[in-house]
Amino acid sequence: MFFILTISGGVLMPRIAIIGGSGVYDPRLLENLREEMIKTPYGNIKVKIGTYKGEEIAFLARHGEKHSVPPHKINYRANIWGLHELGVERILATSAVGSVNEAMKPGDFVILDQLIDFTKNRTYTFYDGEDAPHERNFVAHVDFTDPYCPELRDSLIRAARELGFSYHPRGTYAAMEGPRFETRAEIRALRILGADVVGMTQSPEAILARELEMCYASVAIVTNYGAGISKTKLTHSEVVELMQQKSEEIKLLLMKAVEHIPRIRRCACKDALKGATG
Ligand SMILES: O=P(O)(O)O[C@H]1O[C@H](CO)[C@@H](O)[C@H]1O
Ligand SMILES: Nc1nc2[nH]cnc2c(=O)[nH]1
């Protein structure tokens, strides 16, 4: 396996980042760990950087190491801007989800390919025009037909197949504002609208990565059936508990996927701004 390490100022720069969601708080999948604070126009972020088979990889706990940040309060713009500053081009993320499709059962892996955004009160863009707190102070409307990078999706699918995991190669994620879980009626409506799984963090995380022309894909792990389908009350502790039960498989899947990520980017993600700024 031949890696290209990005060197900037003599410091190795990670091309790949992993964003850990609920239940994925520590980068024990990596070696030679160091911690970096990165200043961004949206606030500072703390990133762990380590190596896996000689490849430098950044790790970010979406909710903080102690899950102290709820989904609607995550500083998504600082997170994604900070990873971009580091030189990251490819982001693999985990997402704990509820299932609204009975074919997707708790413990299943879903390699997301589509997203429907029902969030209400987030900050969705870097391109605030003249108000932008950085040099990208222009208007931009990026294409988001396919929200996830096909090359990263393929890497995750190949990894899940090689590891013999129970996985679904496609899935539509309904992003809800949270932090509450859904009503029975909302889950019924999401099924009619074609969602397969439901969560609270893919928007704006996936959108912001696309706006900075970074490749992004997420492996969703089904932790429960959605409200009204589940026979029991939905609890965050059930979500974290199942994610912890799956932590070894998640680690294997992410690391195997990293091995499959092509060195050269041939996807459209890297040209997302072409034609987007008028
Ligand atoms: O999407 P991740 O970060 O995995 O977290 C999921 O788990 C929490 C609910 O238990 C919500 O934050 C939901 O988005
Ligand atoms: N919105 C939402 N997010 C989840 N994350 C894990 N399970 C769920 C769920 O049922 N609903």
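In each ligand, atom 1 is the first atom listed, and ligand 1 is the first ligand listed.
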Regarding [X] and [Y], is there a side-chain donor-to-acceptor distance under 3.5 Å anywhere?
{"X": "Asp154", "Y": "His260", "answer": "no"}
{"X": "Gln114", "Y": "Tyr148", "answer": "no"}
{"X": "Asp143", "Y": "Thr145", "answer": "yes"}
{"X": "Glu85", "Y": "Thr40", "answer": "no"}

Minimum-distance protein heavy atom relative to [atom]:
{"atom": "atom 4 (O) of ligand 1", "result": "Ala96 N, 2.7 Å"}
{"atom": "atom 12 (O) of ligand 1", "result": "His63 CE1, 3.3 Å"}
{"atom": "atom 9 (C) of ligand 1", "result": "His236 ND1, 3.6 Å"}
{"atom": "atom 14 (O) of ligand 1", "result": "Met200 N, 3.1 Å"}
{"atom": "atom 1 (O) of ligand 1", "result": "Thr201 OG1, 2.6 Å"}

Can you say whether the rings of Tyr127 and Phe138 are parallel (under 30°), tilted (30 to 60°) or perpendicular (over 60°)?
parallel
Tell me whether the rings of Trp81 and His84 are parallel (<30°), tilted (30 to 60°) or perpendicular (>60°).
tilted
[X] to ligand 1: N or O pair under 3.5 Å?
{"X": "Phe181", "answer": "no"}
{"X": "Ser95", "answer": "no"}
{"X": "Arg62", "answer": "yes"}

Per-atom filter on ligand 1: closer than 4.0 angstrom to a heavy atom of Pro71 are 12 (O)
More than 12 heavy atoms of other groups within 6.0 Å of Arg170 CZ:
no
Does the side chain of Leu208 reach to within under 4.5 Å of the side chain of Arg77, using non-hydrogen atoms?
yes
Validation row: Asn224, Leu242 side chains within 4.5 angstrom (heavy atoms):
no
If the criterion is any heavy atom closer than 4.0 Å to an atom of ligand 2, which residues make the list?
Ala96, Val97, Gly98, Phe181, Glu182, Val198, Gly199, Met200, Thr223, Asn224, Leu234, Val239
Output field: ring centroids His67/Tyr25 closer than 6.0 Å
yes
Centroid separation under 6.0 Å, is that true for the rings of Tyr124 and Tyr76?
no
Among the heavy atoms of Gly178, does any lie under 4.0 Å from an atom of ligand 1?
no
Nearest heavy atom to atom 8 (C) of ligand 1 wins, so pick from Gly21, Pro70, Ser22.
Ser22
